[in-house]
Amino acid sequence: QSVAILGAPFSKGQKRRGVEHGPKAIRDAGLVERLSNLDYAVHDFGDLAFKHLEKDEHFMHVPFPRTVGRANQLLSGAVSGAVGAGHTCIMLGGDHSLAIGSVEGHAQQCPDLCLIWVDAHADINTPLTSPSGNLHGQSVAFLLKDLQNKMPEVPGFSWMKPFLSARDLVYIGLRDVDPGEHIILKTLGIQYFSMRDIDRMGIQRVMEVTLDHLLARKQRPIHLSFDIDAFDPSLAPATGTPVNGGLTYREGIYVTEEIHNTGLLSVMDVVEVNPTLGATPEAVEATTSLAVDVISSALGQTREG
Ligand SMILES: N[C@@]1(C(=O)O)CN(C[C@@H]2CCCCN2)C[C@@H]1CCC[B-](O)(O)O
Ligand SMILES: [Mn+2]
Ligand SMILES: [Mn+2]
Ligand SMILES: [Mn+2]
(Lines give C-alpha, C1' and ligand atoms only; values in the text may rest on other atoms or scores of the structure.)
(Ligands and ions follow the chains in the order given, each with its own letter.)
Protein backbone atom coordinates (compact mmCIF):
# COMPACT_ATOMS: atom_id res chain seq x y z
CA GLN A 1 0.00 0.00 0.00
CA SER A 2 1.76 3.14 -1.17
CA VAL A 3 0.46 6.67 -1.36
CA ALA A 4 1.84 9.57 -3.37
CA ILE A 5 1.31 13.13 -2.19
CA LEU A 6 1.31 15.77 -4.93
CA GLY A 7 1.24 19.44 -3.92
CA ALA A 8 -0.38 21.78 -6.43
CA PRO A 9 0.11 25.33 -5.18
CA PHE A 10 -2.12 27.03 -7.76
CA SER A 11 -4.70 29.81 -7.55
CA LYS A 12 -5.45 31.17 -11.01
CA GLY A 13 -8.73 29.28 -11.37
CA GLN A 14 -10.21 32.01 -9.14
CA LYS A 15 -9.45 35.54 -8.00
CA ARG A 16 -8.71 35.35 -4.26
CA ARG A 17 -5.09 35.16 -3.09
CA GLY A 18 -3.88 32.49 -0.72
CA VAL A 19 -5.22 29.15 -1.96
CA GLU A 20 -1.77 28.45 -3.41
CA HIS A 21 -0.63 28.06 0.20
CA GLY A 22 -3.04 25.18 0.73
CA PRO A 23 -0.57 22.33 0.15
CA LYS A 24 1.94 23.63 2.73
CA ALA A 25 -0.81 24.31 5.26
CA ILE A 26 -2.20 20.78 4.92
CA ARG A 27 1.28 19.24 5.24
CA ASP A 28 1.96 21.43 8.29
CA ALA A 29 -1.19 19.95 9.84
CA GLY A 30 0.58 16.58 9.94
CA LEU A 31 -0.56 14.77 6.79
CA VAL A 32 2.58 12.67 6.25
CA GLU A 33 2.71 11.48 9.86
CA ARG A 34 -0.98 10.56 9.86
CA LEU A 35 -0.63 8.50 6.67
CA SER A 36 2.57 6.83 7.88
CA ASN A 37 0.65 5.74 10.99
CA LEU A 38 -1.84 4.03 8.65
CA ASP A 39 1.03 1.79 7.46
CA TYR A 40 1.26 3.43 4.05
CA ALA A 41 4.59 3.85 2.31
CA VAL A 42 4.31 7.59 1.80
CA HIS A 43 5.99 9.16 -1.22
CA ASP A 44 5.78 12.93 -0.96
CA PHE A 45 6.53 14.23 -4.44
CA GLY A 46 6.63 17.81 -3.11
CA ASP A 47 4.95 20.70 -4.87
CA LEU A 48 4.66 21.16 -8.63
CA ALA A 49 6.35 24.30 -9.97
CA PHE A 50 3.74 26.19 -12.00
CA LYS A 51 4.81 28.90 -14.43
CA HIS A 52 2.77 32.11 -14.65
CA LEU A 53 2.53 32.90 -18.36
CA GLU A 54 3.24 36.53 -19.26
CA LYS A 55 0.80 37.10 -22.10
CA ASP A 56 -2.45 35.53 -20.97
CA GLU A 57 -5.38 37.72 -22.01
CA HIS A 58 -8.93 36.86 -20.96
CA PHE A 59 -10.94 34.46 -23.11
CA MET A 60 -14.38 36.05 -23.05
CA HIS A 61 -14.62 36.93 -19.31
CA VAL A 62 -12.42 33.97 -18.32
CA PRO A 63 -9.17 35.08 -16.62
CA PHE A 64 -5.82 33.30 -17.04
CA PRO A 65 -7.01 30.56 -19.42
CA ARG A 66 -3.51 29.67 -20.72
CA THR A 67 -1.95 29.69 -17.22
CA VAL A 68 -4.72 27.41 -15.92
CA GLY A 69 -4.51 25.17 -18.98
CA ARG A 70 -0.74 24.83 -18.72
CA ALA A 71 -0.89 24.12 -14.97
CA ASN A 72 -3.38 21.33 -15.62
CA GLN A 73 -1.26 19.88 -18.42
CA LEU A 74 1.64 19.66 -15.96
CA LEU A 75 -0.55 18.21 -13.22
CA SER A 76 -2.02 15.66 -15.62
CA GLY A 77 1.43 14.24 -16.33
CA ALA A 78 2.30 14.10 -12.64
CA VAL A 79 -0.92 12.32 -11.64
CA SER A 80 -0.62 9.91 -14.56
CA GLY A 81 2.93 9.10 -13.48
CA ALA A 82 2.01 8.57 -9.84
CA VAL A 83 -0.95 6.29 -10.65
CA GLY A 84 1.11 4.49 -13.29
CA ALA A 85 3.76 3.80 -10.64
CA GLY A 86 1.10 2.03 -8.55
CA HIS A 87 0.46 4.72 -5.95
CA THR A 88 -2.83 5.87 -4.58
CA CYS A 89 -2.52 9.58 -5.29
CA ILE A 90 -3.49 12.50 -3.01
CA MET A 91 -3.53 15.85 -4.85
CA LEU A 92 -3.41 18.86 -2.55
CA GLY A 93 -4.76 22.14 -3.98
CA GLY A 94 -4.88 24.86 -4.83
CA ASP A 95 -8.19 25.80 -6.39
CA HIS A 96 -10.63 23.36 -7.99
CA SER A 97 -9.61 24.13 -11.58
CA LEU A 98 -6.84 21.61 -10.78
CA ALA A 99 -9.35 18.78 -11.04
CA ILE A 100 -9.15 19.16 -14.83
CA GLY A 101 -5.56 17.94 -14.85
CA SER A 102 -5.96 15.54 -11.96
CA VAL A 103 -8.90 13.64 -13.44
CA GLU A 104 -7.47 13.77 -16.97
CA GLY A 105 -4.13 12.38 -15.81
CA HIS A 106 -5.92 9.68 -13.83
CA ALA A 107 -8.03 8.76 -16.86
CA GLN A 108 -4.85 8.27 -18.93
CA GLN A 109 -4.09 5.32 -16.63
CA CYS A 110 -7.66 4.34 -15.76
CA PRO A 111 -9.98 5.22 -18.68
CA ASP A 112 -12.91 3.49 -16.96
CA LEU A 113 -12.68 5.61 -13.79
CA CYS A 114 -15.74 7.03 -12.08
CA LEU A 115 -15.83 10.46 -10.41
CA ILE A 116 -17.36 11.41 -7.06
CA TRP A 117 -17.49 15.23 -6.68
CA VAL A 118 -18.01 16.36 -3.06
CA ASP A 119 -18.68 20.09 -3.12
CA ALA A 120 -21.15 22.84 -2.27
CA HIS A 121 -20.92 23.73 -5.96
CA ALA A 122 -21.33 21.80 -9.21
CA ASP A 123 -18.30 23.43 -10.94
CA ILE A 124 -20.01 22.61 -14.26
CA ASN A 125 -20.36 26.08 -15.80
CA THR A 126 -19.16 26.58 -19.35
CA PRO A 127 -17.51 29.89 -20.31
CA LEU A 128 -20.92 30.82 -21.71
CA THR A 129 -22.88 30.12 -18.50
CA SER A 130 -20.29 31.14 -15.88
CA PRO A 131 -21.30 34.18 -13.81
CA SER A 132 -17.70 34.82 -12.71
CA GLY A 133 -15.57 33.48 -15.57
CA ASN A 134 -13.47 31.71 -12.94
CA LEU A 135 -12.26 28.33 -14.19
CA HIS A 136 -12.56 26.67 -10.74
CA GLY A 137 -16.33 26.80 -11.38
CA GLN A 138 -16.01 25.15 -14.82
CA SER A 139 -13.79 22.11 -14.19
CA VAL A 140 -16.40 19.41 -14.81
CA ALA A 141 -17.50 21.01 -18.09
CA PHE A 142 -13.99 20.41 -19.46
CA LEU A 143 -14.18 16.69 -18.58
CA LEU A 144 -17.59 15.69 -19.98
CA LYS A 145 -17.99 14.29 -23.48
CA ASP A 146 -21.70 15.14 -23.21
CA LEU A 147 -20.92 18.89 -23.09
CA GLN A 148 -18.56 18.95 -26.08
CA ASN A 149 -21.08 20.75 -28.28
CA LYS A 150 -21.58 23.43 -25.61
CA MET A 151 -17.89 24.17 -24.96
CA PRO A 152 -15.92 26.75 -26.97
CA GLU A 153 -12.21 26.19 -27.68
CA VAL A 154 -10.56 27.77 -24.65
CA PRO A 155 -6.89 28.78 -25.25
CA GLY A 156 -4.51 26.65 -23.17
CA PHE A 157 -6.62 23.48 -23.25
CA SER A 158 -5.81 22.08 -26.70
CA TRP A 159 -3.66 19.38 -25.03
CA MET A 160 -6.76 17.53 -23.81
CA LYS A 161 -10.19 16.39 -24.92
CA PRO A 162 -13.24 15.48 -22.83
CA PHE A 163 -13.38 11.79 -21.86
CA LEU A 164 -15.95 11.38 -19.07
CA SER A 165 -19.57 10.26 -19.51
CA ALA A 166 -22.25 12.00 -17.44
CA ARG A 167 -23.35 8.62 -16.07
CA ASP A 168 -19.90 8.10 -14.51
CA LEU A 169 -20.22 11.16 -12.24
CA VAL A 170 -22.06 11.69 -8.93
CA TYR A 171 -22.23 14.90 -6.87
CA ILE A 172 -22.60 15.04 -3.08
CA GLY A 173 -23.18 18.22 -1.06
CA LEU A 174 -24.60 20.67 -3.64
CA ARG A 175 -26.23 23.79 -2.20
CA ASP A 176 -25.11 26.69 -4.43
CA VAL A 177 -25.81 25.83 -8.08
CA ASP A 178 -26.06 28.51 -10.78
CA PRO A 179 -29.10 28.53 -13.13
CA GLY A 180 -26.97 27.50 -16.10
CA GLU A 181 -25.48 24.64 -14.10
CA HIS A 182 -28.92 23.44 -13.01
CA ILE A 183 -30.00 23.26 -16.64
CA ILE A 184 -26.87 21.24 -17.53
CA LEU A 185 -27.37 18.83 -14.58
CA LYS A 186 -30.99 18.20 -15.59
CA THR A 187 -30.35 18.04 -19.33
CA LEU A 188 -27.53 15.50 -18.91
CA GLY A 189 -29.41 13.59 -16.21
CA ILE A 190 -26.40 13.74 -13.89
CA GLN A 191 -26.93 11.98 -10.55
CA TYR A 192 -26.53 14.41 -7.68
CA PHE A 193 -27.31 14.50 -3.97
CA SER A 194 -27.82 18.07 -2.72
CA MET A 195 -27.80 18.97 0.96
CA ARG A 196 -31.60 18.72 0.75
CA ASP A 197 -31.29 15.16 -0.51
CA ILE A 198 -28.94 14.39 2.38
CA ASP A 199 -31.50 15.86 4.81
CA ARG A 200 -34.26 13.70 3.29
CA MET A 201 -32.37 10.46 2.72
CA GLY A 202 -29.53 10.54 5.26
CA ILE A 203 -25.87 10.12 4.28
CA GLN A 204 -25.99 6.32 4.60
CA ARG A 205 -28.64 6.00 1.89
CA VAL A 206 -26.91 8.64 -0.27
CA MET A 207 -23.68 6.60 -0.23
CA GLU A 208 -25.56 3.36 -0.93
CA VAL A 209 -27.24 4.85 -4.01
CA THR A 210 -24.06 6.64 -5.12
CA LEU A 211 -21.88 3.51 -5.01
CA ASP A 212 -24.60 1.37 -6.59
CA HIS A 213 -25.03 3.90 -9.40
CA LEU A 214 -21.30 3.94 -10.12
CA LEU A 215 -20.16 0.39 -9.33
CA ALA A 216 -23.06 -2.09 -9.60
CA ARG A 217 -22.59 -2.72 -13.32
CA LYS A 218 -18.77 -2.81 -13.05
CA GLN A 219 -16.18 -2.24 -10.32
CA ARG A 220 -13.71 0.43 -11.43
CA PRO A 221 -11.25 2.95 -9.96
CA ILE A 222 -12.73 5.89 -8.06
CA HIS A 223 -11.57 9.50 -8.41
CA LEU A 224 -12.76 11.46 -5.38
CA SER A 225 -12.60 15.23 -5.93
CA PHE A 226 -13.21 16.76 -2.50
CA ASP A 227 -13.75 20.54 -2.22
CA ILE A 228 -13.31 21.49 1.44
CA ASP A 229 -16.24 23.93 1.04
CA ALA A 230 -18.53 20.87 0.98
CA PHE A 231 -18.27 21.05 4.77
CA ASP A 232 -20.27 23.57 6.76
CA PRO A 233 -18.31 26.85 7.03
CA SER A 234 -18.35 26.43 10.83
CA LEU A 235 -16.03 23.44 10.28
CA ALA A 236 -14.06 24.69 7.26
CA PRO A 237 -14.02 28.50 7.38
CA ALA A 238 -10.71 29.03 5.56
CA THR A 239 -12.00 28.65 2.01
CA GLY A 240 -12.84 30.99 -0.85
CA THR A 241 -16.54 30.40 -1.49
CA PRO A 242 -18.16 29.28 1.80
CA VAL A 243 -21.88 28.40 1.76
CA ASN A 244 -24.00 27.84 4.87
CA GLY A 245 -25.69 24.50 5.55
CA GLY A 246 -22.86 22.14 4.64
CA LEU A 247 -21.78 18.63 5.60
CA THR A 248 -21.29 17.82 9.26
CA TYR A 249 -17.98 16.36 10.33
CA ARG A 250 -19.63 12.94 10.71
CA GLU A 251 -21.28 13.09 7.27
CA GLY A 252 -17.99 13.96 5.60
CA ILE A 253 -16.15 11.18 7.41
CA TYR A 254 -18.92 8.69 6.56
CA VAL A 255 -18.55 9.57 2.87
CA THR A 256 -14.82 8.87 2.93
CA GLU A 257 -15.17 5.72 5.08
CA GLU A 258 -17.63 4.25 2.57
CA ILE A 259 -15.36 5.14 -0.34
CA HIS A 260 -12.40 3.52 1.45
CA ASN A 261 -14.43 0.38 2.05
CA THR A 262 -14.94 -0.12 -1.69
CA GLY A 263 -11.19 -0.72 -1.96
CA LEU A 264 -11.36 1.22 -5.24
CA LEU A 265 -10.09 4.69 -4.32
CA SER A 266 -7.29 5.57 -6.74
CA VAL A 267 -6.96 9.39 -6.69
CA MET A 268 -8.27 11.95 -4.19
CA ASP A 269 -8.15 15.73 -4.68
CA VAL A 270 -8.46 17.99 -1.63
CA VAL A 271 -8.90 21.56 -2.85
CA GLU A 272 -9.88 25.12 -1.94
CA VAL A 273 -8.17 25.23 1.45
CA ASN A 274 -7.10 28.89 1.69
CA PRO A 275 -5.12 29.48 4.90
CA THR A 276 -5.16 33.26 4.38
CA LEU A 277 -8.97 33.36 4.70
CA GLY A 278 -9.24 32.05 8.25
CA ALA A 279 -10.25 34.85 10.63
CA THR A 280 -8.03 33.41 13.38
CA PRO A 281 -5.18 30.86 13.54
CA GLU A 282 -7.69 28.48 15.12
CA ALA A 283 -9.98 28.84 12.10
CA VAL A 284 -7.10 27.98 9.78
CA GLU A 285 -6.09 25.03 11.97
CA ALA A 286 -9.67 23.73 12.03
CA THR A 287 -9.75 23.75 8.23
CA THR A 288 -6.36 22.16 7.65
CA SER A 289 -6.83 19.45 10.29
CA LEU A 290 -10.23 18.66 8.77
CA ALA A 291 -8.50 18.18 5.41
CA VAL A 292 -6.03 15.75 7.05
CA ASP A 293 -8.92 13.91 8.71
CA VAL A 294 -10.87 13.33 5.48
CA ILE A 295 -7.75 12.20 3.65
CA SER A 296 -6.91 9.79 6.49
CA SER A 297 -10.48 8.47 6.49
CA ALA A 298 -10.45 7.97 2.72
CA LEU A 299 -7.22 5.98 3.15
CA GLY A 300 -8.56 3.72 5.87
CA GLN A 301 -8.45 5.48 9.22
CA THR A 302 -11.46 4.12 11.12
CA ARG A 303 -13.47 5.41 14.06
CA GLU A 304 -13.69 1.91 15.54
CA GLY A 305 -9.97 1.11 15.82
N1 LIG B 1 -20.73 28.74 -9.51
C2 LIG B 1 -19.75 29.69 -9.08
C3 LIG B 1 -18.86 30.12 -10.20
O4 LIG B 1 -18.16 31.13 -10.07
O5 LIG B 1 -18.87 29.41 -11.25
C6 LIG B 1 -20.45 30.92 -8.50
N7 LIG B 1 -20.22 30.80 -7.06
C8 LIG B 1 -20.25 32.00 -6.25
C9 LIG B 1 -21.59 32.67 -6.26
C10 LIG B 1 -21.60 33.69 -5.16
C11 LIG B 1 -22.94 34.40 -5.09
C12 LIG B 1 -24.07 33.40 -4.97
C13 LIG B 1 -24.00 32.37 -6.07
N14 LIG B 1 -22.66 31.72 -6.09
C15 LIG B 1 -18.89 30.21 -6.92
C16 LIG B 1 -18.99 29.10 -7.88
C17 LIG B 1 -17.66 28.45 -8.20
C18 LIG B 1 -17.11 27.72 -6.98
C19 LIG B 1 -15.88 26.95 -7.30
B20 LIG B 1 -15.48 25.84 -6.19
O21 LIG B 1 -14.30 25.14 -6.63
O22 LIG B 1 -15.26 26.50 -4.92
O23 LIG B 1 -16.54 24.89 -6.05
MN1 LIG C 1 -10.53 40.49 -15.12
MN1 LIG D 1 -15.24 23.05 -6.23
MN1 LIG E 1 -17.03 24.61 -3.92
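The figures that follow rest on heavy atoms only: side chains count, while hydrogens, waters and symmetry mates do not. Just so you know, these numbers come straight off a predicted model, no measurement behind them. Read the numbers this way: they start at 1 and go in the same order the structure lists the ligands and their atoms.
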Nearest protein heavy atom with distance in Å, relative to [atom]:
atom	result
atom 23 (O) of ligand 1	Asp123 OD1, 2.7 Å
atom 20 (B) of ligand 1	Asp227 OD2, 3.3 Å
atom 5 (O) of ligand 1	Asn125 ND2, 3.0 Å
atom 3 (C) of ligand 1	Ser132 OG, 3.7 Å
atom 8 (C) of ligand 1	Asp176 OD2, 4.1 Å
atom 16 (C) of ligand 1	His121 CD2, 3.9 Å

ask   = Hey, is atom 10 (C) of ligand 1 under 4.0 Å from any protein heavy atom?
value = no
ask   = Heavy-atom distance from atom 18 (C) of ligand 1 to the protein below 4.0 Å?
value =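 Given the 4.0 Å cut-off, atom 18 (C) of ligand 1 counts as touching protein heavy atoms.
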Do the charged groups of [X] and [Y] touch, with an N to O distance under 4.0 Å?
X	Y	answer
Arg303	Glu257	yes
Asp197	Arg200	yes
Lys218	Asp168	no

query = Which N, O or S atom name in His121 marks its closest approach to the Mn ion (ligand 4)?
reply = ND1
Atom name in Asp229, limited to N/O/S, at shortest distance from the Mn ion (ligand 4) =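 The nearest such atom is OD2.
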inquiry  = Distance under 4.0 Å to a non-hydrogen atom of Asp119: what atoms of ligand 1 satisfy this?
reply    =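 Every atom of ligand 1 under 4.0 Å from some heavy atom of Asp119: 23 (O).
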message = Angle between ring planes, His43 versus His87, binned at 30° and 60°: parallel, tilted or perpendicular?
response = tilted
inquiry  = For atom 6 (C) of ligand 1, which of the options Asp178, Leu174, Thr129 provides the nearest non-hydrogen atom?
reply    = Asp178
Check each heavy atom of [X] against ligand 1 and say whether those closer than 4.0 Å belong to the side chain, the backbone, both or neither.
X	result
Val271	neither
His136	both
Gln138	neither

message = Looking only at N, O or S atoms in Asp123, which is nearest to the Mn ion (ligand 3)?
response =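 Nearest N/O/S atom of Asp123: OD2.
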message = If you consider just the N/O/S atoms, which atom of His96 is the closest one to the Mn ion (ligand 3)?
response =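 Output for this pair reads ND1.
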Metal-centred angle, OD1 of Asp119 through the Mn ion (ligand 4) to OD2 of Asp227, rounded to 10 degrees =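 Approximately 90° at the metal, rounded to tens of degrees.
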query = Could a heavy atom of Gln14 be found less than 4.0 Å from some atom of ligand 1?
reply =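 Gln14 does not count as a contact of ligand 1 under the 4.0 Å cut-off.
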inquiry  = With side-chain hydrogen bond (donor to acceptor under 3.5 Å, both in side chains) as the test, pick out the partner of His121 among Asp176, Asp178, Asp227.
reply    =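 By the side-chain hydrogen bond (donor to acceptor under 3.5 Å, both in side chains) criterion, His121 pairs with just one of Asp176, Asp178, Asp227: Asp176.
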task = State whether the shortest distance between N or O atoms of Asn134 and N or O atoms of ligand 1 falls below 3.5 angstrom.
result = no
